[in-house]
Protein chains: 2
Amino acid sequence: MAKLDFSPIADTTRRAEIVALLRRAILTGQLEPGQKLNELRIAEQMRVSRAPLREAMRELVQEGILTSIPYAGTFVIDVTAKDIDDAYSLNKVLDEFAIDRTWKLRDQRFFNELDRRHEAVKQATRALDTTRQIETALQLHGLIYEWADNSVLLETWQRLTSRLQMYFALHQRARNEPVPADYVHETYVRLLKGNDMRAAQRHAREHIDLDFEELLAYTRGLEKRAGS
Amino acid sequence: MAKLDFSPIADTTRRAEIVALLRRAILTGQLEPGQKLNELRIAEQMRVSRAPLREAMRELVQEGILTSIPYAGTFVIDVTAKDIDDAYSLNKVLDEFAIDRTWKLRDQRFFNELDRRHEAVKQATRALDTTRQIETALQLHGLIYEWADNSVLLETWQRLTSRLQMYFALHQRARNEPVPADYVHETYVRLLKGNDMRAAQRHAREHIDLDFEELLAYTRGLEKRAGS
DNA sequence: TCTTGTAGGATTGTCGACAATCTGCTTGTC
DNA sequence: GACAAGCAGATTGTCGACAATCCTACAAGA
């Protein structure tokens, strides 16, 4: 018999679909930070009852992109400069760890996947699809986490990813211009293929710092506006 | 007017109470790994309807201590040696980061709180209350995370804590004898009060390794039993 | 004028019932 | 006896309605 890998079939609960829809709306910035989610309205729009919607919202609260206040409502989290700073500084540490753990496990499949994801980023960049560009860039970056063979680390990264994607999307919407940032990934991929682990780790740090500076500048602007 | 700090009043939703009850049952080992949670039965026992119970369970699924399979049920997560290994190796990295970030922020209040939590551990140890001993030890350990002034790091730690507490509780139940492990905390506290950050970080690593070895040995036993 | 009490409407939290799905057993056929 | 089809029974997923709570506006009183 031919060896054939079947992927698991899609989750068929409404709840799972609602989670996906809401997450996407939040991470692409369609739902703005601080905005309240009216259960009845959303349930009507999605043509579902409030029960699965509420369960979906609980999941996203635990995922860290919604926040809930009893009897008051559920809101998209606010984005402060400090949150971004916190997320990024933790990300640096995790990157270093992930690269360390992945390093010995790299094989041809890893390199192929790396190229594939890199290509996806470049394609999205050429197509000027900023949302997809952010998504693919984070997926490229996430490969070291998937490869590190540490489930807890991977979970942590996925939680962080949600926030990062949200931050980048907001940043994008504000600037409303495509990001080049292509050569940076070029170097990143090259170093991950090479033999100098410390160099790769160092680059990851610096690469992150780069994006981070831009984000912070944007967010500081946000807070000035909110404070006025 | 006298300055008085009021703490926020407790959440009064059934959901929040159910979450607390379930979490406690899982983390103390009353609900065993792999065990299925029957919604109807639990709802009847708690005298609540299934709606808030299900929402509570979704939260715990996202928290990582329950796992859900659509139309099959929700189960307490299984504990494998690899999971523990993963959690601990990540914990080492986070500890180092947390100590680094906390170091400059230490003040008298920090030291006082450190002593207070240390005292709580010793008290639980003297009282032979192993459940409370685990709880207080993790709280002592968690202080550097609370003090590090990084909300994302703190969240990550809290997620890890849930698992660690569960692991320790299982370990305890299996051995059924009180752990001394008192002097270890003594050293930990002393180093956190001192002036040598690297020494504190190094100790945190070694301290963790110690507990970890015991846990792993226990869990390997578990898997042999399950495999037979 | 400021504070306090009080409806009214809107929204969230909870409940009980129904629909969809899974599991194990029985039955019938070969 | 082996195996597939199909039928309960139990359990999860979803729905619509009710209860509890909050926010707003407005009126009454100091």
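Naming: A, B, ... by sequence-line order, numbering from 1 per chain.
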Whole-Å distance between [N] [atom2] and [X] [atom1]?
X: I42(A); N: dT12(C); atom1: CD1; atom2: C1'; result: 13 Å
X: R54(B); N: dG16(C); atom1: CZ; atom2: P; result: 16 Å
X: R14(B); N: dT12(C); atom1: CZ; atom2: P; result: 19 Å
X: M46(A); N: dG16(D); atom1: CE; atom2: C1'; result: 19 Å
X: E55(A); N: dT12(C); atom1: CD; atom2: C1'; result: 15 Å
X: R50(B); N: dT12(D); atom1: CZ; atom2: P; result: 7 Å
X: I69(B); N: dC22(C); atom1: CD1; atom2: P; result: 12 Å
X: L53(B); N: dG13(C); atom1: CG; atom2: C1'; result: 14 Å

N-O pairing of [X] and [Y] below 4.0 Å:
X: E17(A); Y: R14(A); result: no
X: R173(A); Y: E32(A); result: no
X: E113(B); Y: R117(B); result: yes
X: R24(A); Y: E135(A); result: yes

Just the table, please: protein N/O against nucleotides 8-11 of chain C N/O, every pair under 3.5 Å.
{"residue": "dT11(C)", "atom": "OP1", "partner": "N38(A)", "partner atom": "ND2", "Å": "3.2"}

Pair Y145(A), D95(A): side-chain N/O donor-acceptor within cut-off below 3.5 Å
yes
side-chain N/O R58(B) vs dG13(D) OP1/OP2, d < 4.0 Å
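Result: yes.
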Return no unless some side-chain N or O of S49(B) is found under 4.0 Å from OP1 or OP2 of dT14(C).
no
Please answer whether the main-chain N or O of I144(B) pairs with a side-chain N or O of T102(B) as donor and acceptor at a distance below 3.5 Å.
yes
